[in-house]
Asks: 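Encoded as structure tokens, here's the structure I'll be asking about.
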Amino acid sequence: MLGIEQLTWSALIGAAAVDSINPCTLAVQLILLSTIILAGKRLRVLGAGLAVTVAIYVSYFLMGLGIYSAIQATGIARVFYYVVIVIALVVGVLSIKDYFAYKPGVLAVEIPLRWRAPLKKLISGVTSIPGAAFVGLFCSLFLLPCSSGPYLVILGLLAKASTRLKAIPLLLIYNFIFVLPMIAITLLVFTGMTTVEKASKWREKYIKLLHLIAGILMIGLALLLIVSLIFRWV
């Protein structure tokens, strides 16, 4: 039988992995870095890229902590646990569907098409590190709807199984895994090991595969939570 600590760590790592390869987040990072480079400020790539990453990290952590606190305060942790299983299954199915019949802009897994133009316009005007940090905070509001599925799964699990003292470090770890690809892209572009154009082409080439991997992991998370419930009932 899978203990609650093992379940929490398995789910946390799996959900964070799904979130970390989210096409939404990678797209925002690439647009920002390309804008800064085109503005002739390549030396700011490292600072701006890390500023966006830190801003999104802090914003996601605070939003997660707020949702976690709200779930516990309202006493719906047990009910929400069942809700996140449904969320995991829905997001998983939608992600796998996009591998076979890709349709950009599905809210649960990507930024809606109608949001992309204003978002790109906002990002394209940023060439400074403070501006990048602001964009990171602002963009997190756009990113949350298309990457909230895995996060909600973890928040529901933590609200049911962990105290606030235990949940905070777990949320910090989750969000660190979440932003790792952003850090990697920034460093690779800054050091010249790749370019924004190559990274963008890679994203477009493998976007269906990213959806497939994310979908399989989300379905796996849902099954893991279901099996845990069955063992408790037996």
Side-chain angles (χ1 to χ4, degrees), residues 2 6-31 56-57 60 63-64 67 80-116 119 139-160 170-171 173-185 199-230:
L2 188 65
Q6 289 78 14
L7 173 62
T8 300
W9 276 106
S10 300
L12 184 140
I13 294 172
V18 173
D19 237 351
S20 69
I21 60 173
N22 190 292
C24 300
T25 311
L26 300 181
V28 169
Q29 186 83 341
L30 291 171
I31 292 172
I56 290 178
Y57 177 88
Y60 264 58
M63 285 190 286
I67 295 172
F80 199 77
Y81 186 85
Y82 295 98
V83 172
V84 296
I85 292 177
V86 176
I87 291 173
L89 288 171
V90 170
V91 173
V93 169
L94 288 175
S95 296
I96 293 175
K97 183 273 299 180
D98 271 349
Y99 175 75
F100 297 99
Y102 178 63
K103 183 179 180 181
V106 178
L107 181 60
V109 291
E110 285 194 7
I111 296 177
L113 294 177
R114 66 179 180 276
W115 294 2
R116 296 187 182 186
L119 186 60
C139 284
S140 63
L141 301 177
F142 286 85
L143 293 174
L144 188 62
C146 70
S147 64
S148 60
Y151 207 11
L152 288 176
V153 170
I154 291 303
L155 293 172
L157 178 59
L158 293 180
K160 186 175 184 296
L170 290 174
L171 287 178
I173 293 171
Y174 177 98
N175 283 287
F176 177 71
I177 297 174
F178 169 60
V179 300
L180 275 178
M182 300 179 66
I183 296 173
I185 290 173
S200 297
K201 288 180 180 178
W202 182 91
R203 174 185 174 275
E204 292 302 321
K205 182 179 180 180
Y206 293 105
I207 191 168
K208 290 185 178 180
L209 181 59
L210 291 176
H211 280 299
L212 177 63
I213 295 171
I216 292 173
L217 288 173
M218 286 301 289
I219 296 293
L221 282 174
L223 294 177
L224 193 64
L225 297 176
I226 292 171
V227 168
S228 177
L229 281 176
I230 292 174

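None of the values given here were measured: they were computed from a predicted structure.
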Asks: Do you know which two heavy atoms are closest between Ile177 and Ser20, and how far apart they sit?
Replies: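 Minimum heavy-atom separation between Ile177 and Ser20: O-CB, 3.4 Å.
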Asks: Does some side-chain heavy atom of Tyr60 sit less than 4.5 Å from a side-chain heavy atom of Leu171?
Replies: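 Not in contact.
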Asks: Which value, rounded to the nearest 0.5 Å, describes the distance between Ile87 atom CD1 and Leu221 atom CG?
Replies: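 Going from the CD1 atom of Ile87 to the CG atom of Leu221 covers 12.5 Å.
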Asks: Could you measure the distance from the CD1 atom of Ile173 to the CG atom of Leu12? Nearest 0.5 Å is fine.
Replies: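 Interatomic distance, Ile173 CD1 to Leu12 CG, rounded to 0.5 Å: 7.0 Å.
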Asks: Between atom CG of Leu209 and atom CG of Asp98, what is the distance when rounded to the nearest 0.5 Å?
Replies: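 Rounded to the nearest 0.5 Å, the CG-CG separation comes to 12.5 Å.
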Asks: Which heavy-atom pair separates Leu155 from Gly64 by the least distance, and what is that distance?
Replies: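 Looks like CD2-O, 3.3 Å.
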Asks: Could you tell me how the ring of Tyr206 sits relative to the ring of Trp202: parallel (under 30°), tilted (30 to 60°) or perpendicular (over 60°)?
Replies: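 Because their plane-to-plane angle lies in the 30° to 60° range, the rings of Tyr206 and Trp202 count as tilted.
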Asks: Val153 versus Leu225: any side-chain heavy-atom pair under 4.5 Å?
Replies: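 Touching, per the 4.5 Å side-chain cut-off.
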Asks: Atom CG in Asp19, atom OH in Tyr174: separation rounded to 0.5 Å?
Replies: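 It comes to 3.5 Å.
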Asks: Identify the residue among Asn175, Leu157, Leu158 that makes a side-chain contact (heavy atoms from CB on, under 4.5 Å) with Leu170.
Replies: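 The passing option is Leu158.
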Asks: Please report the interatomic distance CG(Leu210) to NZ(Lys205), rounded to the nearest 0.5 Å.
Replies: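 Spacing of CG (Leu210) from NZ (Lys205) equals 12.5 Å.
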Asks: Going through the distances and angles, do Met218 and Ile96 end up as a side chain to side chain contact (heavy atoms under 4.5 Å, CB included)?
Replies: CA-CA 10 Å; Met218 286 301 289; Ile96 293 175; over 6 Å; no
Asks: What distance do Ile85 atom CD1 and Leu223 atom CG have between them, rounded to the nearest 0.5 Å?
Replies: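 These two atoms lie 9.5 Å from each other.
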Asks: Tell me the closest heavy-atom pair linking Leu224 and Ala11, and the distance in Å.
Replies: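 Result for this residue pair: CD2-N, 4.3 Å.
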Asks: State, to 0.1 Å, how close Ala222 and Leu89 come at their nearest heavy-atom pair, and which atoms those are.
Replies: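 Heavy atoms of Ala222 and Leu89 come nearest at CB-CD2, 3.5 Å.
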Asks: The test is side chain to side chain contact (heavy atoms under 4.5 Å, CB included); show your working for Tyr99 and Ile213 and say whether it passes.
Replies: CA-CA 9 Å; Tyr99 175 75; Ile213 295 171; over 6 Å; no
Asks: Kindly give the heavy-atom pair with the smallest separation between Ala15 and Pro150, and that separation in Å.
Replies: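 Minimum heavy-atom contact is O-CB, 3.4 Å.
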